[in-house]
Amino acid sequence: MRLARDLHPVAWWTWAVGLAVAASCTTNPLLLLVLLGVITLVVLTCRSDQPWARSFRLYVWLGVVVIAVRILFRILLGGDVPGQVLFTLPAIPLPDWAAGISLLGPFTREELLAAAYEGLRLATLLIAVGAANALANPKRLMKSLPPALYEIGTAMTVAISVVPQLADSARRVRAAQQLRGGPQGRFRRLRGVRRLLVPILEDSFDRSLALAAGMDARGYGRTGELTAAQRRGTGALIIAGLLGVCVGVYAFLDSTAPRILALPMLAVGTLVALGGFALAGRRVQRTRYRPDRWRLPEIVVAASGIAAGAGMWGVWRWDPQVAHPGVLVVPEVTLPALAAALVAVLPVWAAPLPVTAQRREEALA
Amino acid sequence: MLELRGITLTYDAADHPDGSRPTTVLDGIDLTVSDGELVVLAGPTGVGKSTLLGVVAGLVPSYTGGTLTGDVLLDGVSIIERPARERAHAIGYVGQNPAAWFVTDTVEEELAFGMEQLGLPATTMRRRVEETLDLLGIAELRYRDLRTLSGGQQQRVAIGAVLTVHPRLLVLDEPTSALDPTAAEDVLATLTRLVHDLGVSVLVAEHRLERVVPFADRLCLLGGDPARPGTVRVGDPAEVLRDAPIAPPIVELGRLAGWEPLPLTVRDARRQAPELTARLGGPPHRERPASAEPIVEVRRLVLAHGRTPVLREVDLALSPGTVTALMGRNGAGKSTLLWALQGRHEAGSGTVRVVGADPSSLRPEERRSTTGLVPQSPADLLYLETVAAECAAADLSAGADPGACRGLLERLAPGIDPDHHPRDLSEGQRLALAVAIVLTARPPVLLLDEPTRGLDYPAKRALAGLLRELAREPGARRAVLVATHDVEFVAQVADDLVVLAEGEVVSAGPVARGVSESPAFAPQVTKVLGAGWLGVDDVAERLAAGSAGVTP
């Protein structure tokens with residue numbers, strides 16, 4: 001029997017990042033549409049009924065806006081691309097110093113397709129991130145971070161959760177403002193916006209301050225018995241380690257740099273930084289209530305995302321005609337490419353049932 | 001255990017909204033709380049009770065600004081330099097609006113959060129979470145999303161969340177202000193149990209003294225001295241309340257009747273009551289407006305949020321000239337009913353008629369001309385920079401005389417600086433402002449959702465007077481509906497009482513009958529003098545009439 005529970009948030013993020021990588025590897029609209037379908041299907045079957053689960057729609061709209069903006073800009077700034085002209089707008093002549101840029105003018109089918117493909121790719125990327133937001137509980141995500149990063153993680157997840165809260169308070173304030181007479185006069189619209197924005201912004205500032213105070217009062221960020229010298233020591237270790245990693249990465253990529261700075265430096269830097277993290281983690285006297293654990297479903301979900309990303313990267317590497325069909329021919333789909341996109345649909349069966357209020361009540365009854 | 005020595009908090013001229021002079025909020029406060037003691041902090045609206053509690057918890061001045069001098073000692077060790085997080089193991093703080101404080105999503109995680117910060121072992125955490133769930137009676141809520149809880153449930157979760165850490169001192173800012181009478185008694189009973197069984201000390205700020213004073217070991221009155229509002233008087237509750245500007249009804253009754261010692265509990269008062277009852281004679285008859293065609297009529301209203309029904313076949317009629325109180329447990333559907341009358345929620349089935357029309361079919365401006373609603377979070381209504389600007393905008397949009405809103409505000413909460421930013425007002429003052437803004441339009445149907453949170457006794461009395469006056473205004477045909485948990489306020493203001501439970505109307509009728517039927521809803525004066533007597537005002541009136549009759 002499959003028990004309803006939350007999947008490890010890192011598993012969902014891994015899956016989503018895999019899909020984002022997959023999306024960024026291709027401009028083939030058919031593949032992108034398959035990816036979009038996969039993402040939507042997984043979100044609809046696996047999301048819980050928590051507030052953040054509703055944020056998915058927002059990202060879908062954002063995707064639509066991205067495509068539209070992309071096409072509009074192409075219409076505005078495109079021109080001069082040979083091809084089958086769809087319609088011609090009167091071109092606006094620009095002075096000489098702006099040569100190479102043309103406003104409006106003829107708009108071709110090729111331009112439309114290129115803009116749409118690019119837009120679709122970006123939209124898929126965004127929607128993949130949105131899927132992670134809708135599926136993974138942001139507050140549980142912070143619990144999965146290593147102890148040394150706990151505080152940064154909390155700050156970040158609080159920042160992530162601002163959007164649904166804003167939506168909440170927007171609804172409340174809108175309802176409340178309808179109870180009050182509106183402003184009159186010429187700038188009514190403008191002041192109407194202000195009537196909504198001011199309470200919402202104030203509300204969110206108040207909320208952040210209250211949340212910070214609340215977390216502080218409950219012991220968040222305690223340093224305990226640690227002395228200042230110890231704290232500085234750990235900080236120095238982490239920063240030195242990260243610097244080492246940076247130098248190592250640079251040397252690794254830049255073939256003219258001395259080889260001694262490459263892999264050895266990378267390794268030493270990583271070790272020092274890890275040591276710093278371990279020290280920092282040890283000083284953190286914090287424990288976890290019911291920690292998330294990695295079990296089989298988590299591994300399958302994460303692996304399916306990675307497989308999709310890796311597969312699509314493979315398609316881009318070895319079969320560029322499929323990954324980037326261009327705008328002149330009808331895009332084609334091969335079996336491996338399709339498989340790479342479809343493998344990400346596995347969570348529909350592999351993930352545990354999402355936790356909903358109804359299931360909880362049944363469990364309690 | 002905890003000792004405050006000469007705590008003084010001033011806001012510099014730069015911090016202060018009008019930028020002119022430094023303001024002293026707390027003025028040389030000395031207070032000790034010993035082990036296992038329950039100290040109640042009382043005072044008029046906006047006097048700085050929350051600020052003082054913040055000083056104890058370590059949140060003031062780091063989150064509010066201002067200059068703090070003096071010393072805070074915990075077991076003789078100065079902790080004034082320690083931030084709130086380093087005090088969390090010993091001092092548990094529950095703020096005024098618990099919903100804004102929640103860090104996690106679910107009840108269970110919220111209870112565990114504090115323990116996680118202290119690094120308690122996992123097994124201890126599991127055990128304490130279960131214990132606390134039972135202690136507060138919220139076991140069935142354990143998986144619930146915190147945002148879906150009702151106010152009272154949220155309050156209990158917030159208390160539970162600090163209790164799991166086993167602090168030695170609990171600091172609570174108006175813990176029962178959002179709770180229905182029964183839930184409030186539960187919470188207070190829990191607090192007393194903690195004090196008695198575990199030796200936890202409690203410092204609690206509360207406006208509704210009638211609820212907490214019987215449990216209090218000592219009372220700390222802040223702002224009792226009008227000349228120096230930042231000072232405190234600490235002492236035995238009966239002693240401090242003798243001449244305090246704010247006093248629960250039972251103390252006022254005692255003062256009126258000249259009882260000695262001043263009774264603090266209904267039981268004490270009852271012992272002295274027979275003499276007064278004999279003097280008073282039969283209970284007063286509260287005059288009811290002549291029955292007229294109801295202005296609001298709700299028939300078999302069913303309303304659901306999503307798939308959960310919130311109102312089940314509710315019938316309600318409000319006649320002009322009456323003030324009706326709407327009571328019921330947290331989450332019984334009171335707010336939903338108000339918003340349905342306003343027109344925001346459409347009826348699932350049944351009919352809603354407000355001044356002859358279905359409000360959900362009206363445009364917003366038409367709704368505004370028929371109903372005025374003061375929502376539960378009054379700050380949502382406010383959007384301008386100063387109190388004066390808010391009032392002017394309200395006058396303008398209501399077409400009222402300039403100064404109408406300001407006048408109403410002055411009656412509810414006198415002495416608010418018109419140049420203050422609404423956000424700088426205390427909770428109670430802000431509520432008064434929102435109420436004043438909505439009342440300025442003088443709509444024929446007036447709905448108020450929990451209008452007494454954070455208001456002190458004089459402000460509540462002023463609000464009650466104002467609502468009664470608005471309802472009775474000649475030729476206005478106006479009905480007022482107030483959703484509240486405050487039984488004393490109901491006794492002051494209402495003609496009729498409607499009690500909701502789980503979305504159904506369980507009783508409806510005149511308030512005197514409604515409140516005497518159930519002990520949970522009975523105001524203190526009714527408990528002491530018997531059915532028919534609702535408030536101290538009734539008694540005062542009768543006594544005045546009696547003495548007037550004797551003298552000539």
Side-chain angles (χ1 to χ4, degrees), chain A residues 49-52 137-140 143 154 158 165 168-169 172-184 194-200 202-203 205-207 209-224 284-291 355 357-358 360-361 363-364, chain B residues 57-59 63 83-86 88-89 93 95 97 100-105 108-109 112-122 125-126 129 140 143-145 147-148 161-162 165 339 342 344 364-365 367-368 372-373 375 377 379-384 393-394 396-398 423 437-438 441:
Chain A
D49 54 358
Q50 304 289 344
W52 60 84
N137 179 339
K139 295 193 178 174
R140 286 199 84 85
K143 296 196 167 187
T154 309
V158 168
Q165 276 186 4
D168 262 8
S169 62
R172 223 187 52 234
V173 170
R174 247 176 76 96
Q177 289 284 345
Q178 287 199 348
L179 303 172
R180 239 184 121 167
Q184 327 256 306
R194 177 187 145 153
R195 274 159 64 92
L196 278 185
L197 274 187
V198 171
I200 293 173
E202 283 183 338
D203 192 58
F205 282 130
D206 279 357
R207 231 186 245 258
L209 207 61
L211 185 63
M215 288 165 76
D216 202 351
R218 311 244 311 263
Y220 169 76
R222 277 167 81 93
T223 47
V284 181
Q285 305 155 346
R286 217 172 274 119
T287 46
R288 266 169 215 164
Y289 180 75
R290 297 204 190 188
V355 181
Q358 200 188 351
R360 287 231 141 116
E361 256 148 44
L364 278 175
Chain B
L59 298 170
Y63 285 91
R85 51 187 171 275
E86 304 295 340
H89 63 285
Y93 177 76
N97 175 10
W101 291 63
F102 290 145
V103 186
T104 60
D105 304 311
E108 216 181 334
E109 289 171 8
F113 180 79
M115 294 190 286
E116 290 181 329
Q117 305 309 311
L118 299 186
L120 296 178
M125 285 202 269
R126 277 307 282 273
V129 165
E140 75 283 2
Y143 297 120
R144 284 275 296 276
D145 183 341
R147 268 172 285 192
T148 64
V162 299
V165 180
W339 281 102
Q342 191 269 338
R344 179 182 169 201
E365 53 270 29
R367 284 183 204 164
R368 273 201 298 277
L373 191 151
S377 46
D380 294 348
L381 280 179
L382 311 174
Y383 61 96
L384 291 166
L396 192 70
S397 69
R423 294 268 155 179
I437 286 171
V438 171

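Reckoned from all heavy atoms, side chains included, excluding hydrogens, waters and symmetry mates.
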Pick one of side chain, backbone, both or neither for [X], based on which atoms fall under 4.5 Å of a heavy atom in chain A.
| X | answer |
| --- | --- |
| B:Leu59 | side chain |
| B:Leu373 | both |
| B:Glu108 | both |
| B:Ala394 | both |
| B:Val162 | side chain |

- Does the side chain of B:Tyr63 come within less than 4.5 Å of A:Asp216's, by heavy atoms? yes
**Prompt:** Is there a side-chain contact between B:Tyr93 and A:Arg218, using heavy atoms and a 4.5 Å cut-off?
**Reply:** no
Shortest non-hydrogen contact between [X] and [Y], atoms and distance:
| X | Y | value |
| --- | --- | --- |
| A:Tyr289 | B:Glu116 | N-OE2, 2.7 Å |
| B:Trp101 | A:Leu211 | O-CD1, 4.0 Å |
| A:Ala217 | B:Ala88 | O-CB, 3.4 Å |
| B:Gln342 | A:Leu179 | NE2-CD2, 3.4 Å |
| A:Tyr220 | B:Gln117 | CA-OE1, 3.5 Å |
| B:Pro375 | A:Ala176 | CG-CB, 4.2 Å |

Of B:Arg344, B:Arg367, B:His89, the largest count of non-hydrogen pairs under 4.5 angstrom with chain A goes to B:His89
Q. Can you tell me if CZ on B:Arg423 sees more than 12 non-hydrogen neighbours from other groups inside 6.0 Å?
A. yes
When rounded to the nearest 0.5 Å, the distance separating OH of B:Tyr383 from CD of A:Glu202 is 12.5 Å
